[in-house]
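Everything below concerns the one structure shown next.
Every chain is numbered from 1 and lettered A, B, ... according to where its sequence line falls, protein lines coming before strand lines.
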There are 2 protein chains.
Amino acid sequence: MRFAEKLAAAWAANDSLVCVGLDPDPQRLPAHLSRDAAGILAFNRAIIDATHDLVCAYKPQIAYFAACGAEEALRESIAYIRCNYPAIPVILDAKRGDIGSTAEQYAVEAFDRYAADAVTINPYMGHDSAEPFLRRADKGVVVLCRTSNPGAADFQDLDVDGRPLYEIVAENVARKWNANNNCMLVLGATWPEQVARVRALVGDLPFLVPGVGAQGGDVEKLVRAGRTADGAGLVINSSRAILYASSGEDFAEAARNETRKLRDLINAYR
Amino acid sequence: MRFAEKLAAAWAANDSLVCVGLDPDPQRLPAHLSRDAAGILAFNRAIIDATHDLVCAYKPQIAYFAACGAEEALRESIAYIRCNYPAIPVILDAKRGDIGSTAEQYAVEAFDRYAADAVTINPYMGHDSAEPFLRRADKGVVVLCRTSNPGAADFQDLDVDGRPLYEIVAENVARKWNANNNCMLVLGATWPEQVARVRALVGDLPFLVPGVGAQGGDVEKLVRAGRTADGAGLVINSSRAILYASSGEDFAEAARNETRKLRDLINAYR
């Protein structure tokens with residue numbers, strides 16, 4: 001199944017636009033888990049088991065695994081989802097981007113080594129840096145557009161012939177990069193006005209939206225700004241607010257409760 | 001020693017602006033080496049031994065290691081340089097970029113796990129995505145500016161108030177991000193006019209310049225466009241043209257000859 005179809009099916013099956021971000025910081029794991037790759041894997045599995053019927057996607061953040069040499073825990077976490085909950089797409093958050101021959105290696109990393117359904121990429125280097133990802137027609141390619149962090153304005157908002165750079169990126173992706181219908185855009189939840197502007201430009205292209213929860217984005221404004229006509233179109237990520245809802249042995253149950261709360265809050269405005 | 005001092009010392013000691021890019025593609029290793037992590041490490045060590053007195057830096061490209069799960073070969077390759085040729089700086093080419101808390105993990109990956117002297121980053125997400133790298137004052141931070149690939153023009157050349165985006169990036173880095181004097185810029189060798197424009201803007205900020213060799217950049221135009229008043233200021237990378245100069249058992253000797261030729265060609269125009 002192609003990525004766009006898999007995502008649409010997951011939206012419908014779980015009646016959810018929530019994506020749980022797997023950003024396992026060894027220093028923040030519950031005290032009863034080991035602060036190493038084994039602890040990370042056990043933590044991820046428990047979070048996944050507790051939330052799989054409430055989400056439309058998982059988004060492991062590769063930086064947390066790379067910092068501590070836990071590549072195998074990342075591979076096994078994704079394999080765990082694909083084996084036990086194969087209907088839930090996995091978006092590897094890696095924000096890769098390089099010249100074509102190198103980007104080809106990154107595509108192998110994301111799609112073959114880790115078997116992710118989609119990967120995030122950075123558009124700064126242009127179309128040929130995206131091409132090795134885009135031509136994997138069964139896989140999703142999630143391109144940074146207007147990100148959730150304060151520094152996003154530094155370059156993404158610069159005025160290009162009367163329009164912000166992020167709109168130019170959005171149009172390039174929607175009109176040129178999306179030939180295989182496998183693109184998404186990253187729009188920060190902290191900027192609902194920008195989400196609305198991009199939605200008006202790109203039709204039903206799905207958005208990956210980080211920045212609710214720990215980063216403070218307003219869910220109602222976000223959903224009203226970004227939803228498509230059928231009440232979907234959004235993959236709304238929360239990481240820390242779900243993963244670390246409790247630091248005790250009930251962390252998975254607490255994560256489930258936070259995920260359900262976020263799902264229901266979002267669904268109230270779809 | 002801080003990165004900028006280490007780089008200046010290496011320029012002087014080896015009378016060289018050449019950086020050898022370590023992009024070990026298992027499919028292109030000489031036939032007598034195994035096409036796995038052990039083969040990659042043996043290949044890298046031989047290339048390093050054969051070129052260490054002719055270069056100002058090494059630049060391992062993490063994508064080639066990540067695609068085949070050879071993280072340990074990357075760590076050991078960098079450790080081999082630091083142990084045997086400690087005066088040669090190592091620039092980890094990773095083009096990272098993410099929100100602050102995630103960028104912090106990437107800084108740990110580059111500087112602590114791999115013990116690189118510098119890392120390449122992508123500016124698209126703005127100042128807070130760079131900050132976790134920049135505050136490591138002893139380490140180098142190499143920011144993409146105008147890259148060597150054809151798609152570079154898609155966004156980097158967009159007109160922002162009469163000036164291309166890459167110049168705005170260059171000025172931000174030179175005036176704001178370089179408070180610890182630990183920044184460099186990536187300028188593609190394929191675009192000497194852009195190299196000259198940025199040199200005029202940013203004083204003596206060092207440039208990492210990929211794109212000679214396999215990518216076809218003109219060395220004379222590049223050096224005249226990018227050198228600083230003291231005939232340095234450039235870290236000119238060649239990867240494939242050096243690594244794969246021979247596919248036989250003489251690959252290291254052939255790499256040495258290519259490296260010397262490039263060094264001498266560059267030095268003729270400094």
| Once the angle between the rings of B/Phe133 and B/Phe111 is folded into 0 to 90°, is it parallel (under 30°), tilted (30 to 60°) or perpendicular (over 60°)? |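 Perpendicular.
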| said: So for A/Thr147, is it side chain, backbone, both, or neither that comes closer than 4.5 Å to the heavy atoms of chain B? | reply: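 The side chain, not the backbone.
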| Of the backbone (N, CA, C, O) and the side chain (C-beta and beyond), which part of A/Asn172 lies under 4.5 Å from a heavy atom of chain B, both, or neither? |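 A/Asn172 touches chain B through side-chain heavy atoms alone.
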Among [options], which has the most heavy-atom pairs under 4.5 Å with chain B?
options	result
A/Ser101, A/Gly100, A/Ser129	A/Ser101
A/Asp128, A/Val108, A/Asp112, A/Ile62	A/Asp128
A/Ala153, A/Ala110, A/Cys145, A/Ala94	A/Cys145
A/Arg96, A/Arg146, A/Glu131	A/Arg96

| So which of B/Gly97, B/Gly126, B/Ala103, B/Ala107 has the largest heavy-atom pair count under 4.5 angstrom toward chain A? |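 Top count of heavy-atom pairs under 4.5 Å with chain A: B/Gly126.
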| request: Between chain A and each of B/Glu109, B/Gln105, B/Gln61, count heavy-atom pairs under 4.5 Å; write down the option with the most. | output: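 The option with the most such pairs is B/Gln105.
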| field | Within residues 65-80 of chain A, residues adjacent to chain B where the heavy-atom gap is under 4.5 Å | value |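 When heavy atoms of chain B are the reference, residues 65-80 of chain A contributes A/Ala66, A/Ala67, A/Gly69, A/Glu71 within the under-4.5 Å range.
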| said: Sort by residue number and list every residue of residues 154-163 of chain A having at least one heavy atom under 4.5 Å from chain B. | reply: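 So far as heavy atoms go, A/Asp154, A/Phe155, A/Gln156, A/Leu158, A/Asp159, A/Val160, A/Asp161 are the residues that approach chain B to under 4.5 Å.
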| task | Would you kindly say whether A/Asp93 and A/Thr120 are connected by a side-chain donor-acceptor distance under 3.5 Å? | result |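 Yes - a donor-acceptor pair under 3.5 Å links their side chains.
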| request: Could you tell me whether A/Arg35 and A/Asp25 make a salt bridge, using a distance below 4.0 angstrom between a side-chain N and a carboxylate O? | output: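 No, no charged N to carboxylate O under 4.0 Å.
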| task | Could you give me the CA-CA distance, side-chain angles and deciding distance for B/Val141 and B/Trp177, then say whether side chain to side chain contact (heavy atoms under 4.5 Å, CB included) is met? | result | CA-CA 9 Å; B/Val141 185; B/Trp177 296 15; over 6 Å; no
| query | Does the pair A/Leu22 and A/Phe43 meet the rule for a side chain to side chain contact (heavy atoms under 4.5 Å, CB included), with working shown? | reply | CA-CA 10 Å; A/Leu22 300 172; A/Phe43 179 75; over 6 Å; no
| task | Of all the heavy-atom pairs spanning A/Leu208 and A/Pro210, show the shortest one and how long it is. | result |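 Nearest pair, atom of A/Leu208 first, then A/Pro210: O-CD, 3.4 Å.
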| task | Indicate the atoms forming the closest heavy-atom contact of A/Ile121 with A/Ala130, along with that distance. | result |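 A/Ile121 and A/Ala130 have their closest heavy atoms at CD1-CB, 3.6 Å.
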| task | Any chance you could lay out the side chain to side chain contact (heavy atoms under 4.5 Å, CB included) test for A/Leu185 and A/Val173, step after step, and finish with the verdict? | result | CA-CA 8 Å; A/Leu185 293 171; A/Val173 172; 3.8 Å; yes
| B/Lys139 (side chain) donor-acceptor with B/Ala116 (main chain) under 3.5 angstrom |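 Side chain of B/Lys139 to backbone of B/Ala116, a donor-acceptor pair under 3.5 Å: yes, one is there.
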| message | One pair to check against side chain to side chain contact (heavy atoms under 4.5 Å, CB included): A/Lys95 and B/Asn122. What are the steps and the verdict? | response | CA-CA 9 Å; A/Lys95 300 187 176 69; B/Asn122 187 309; over 6 Å; no
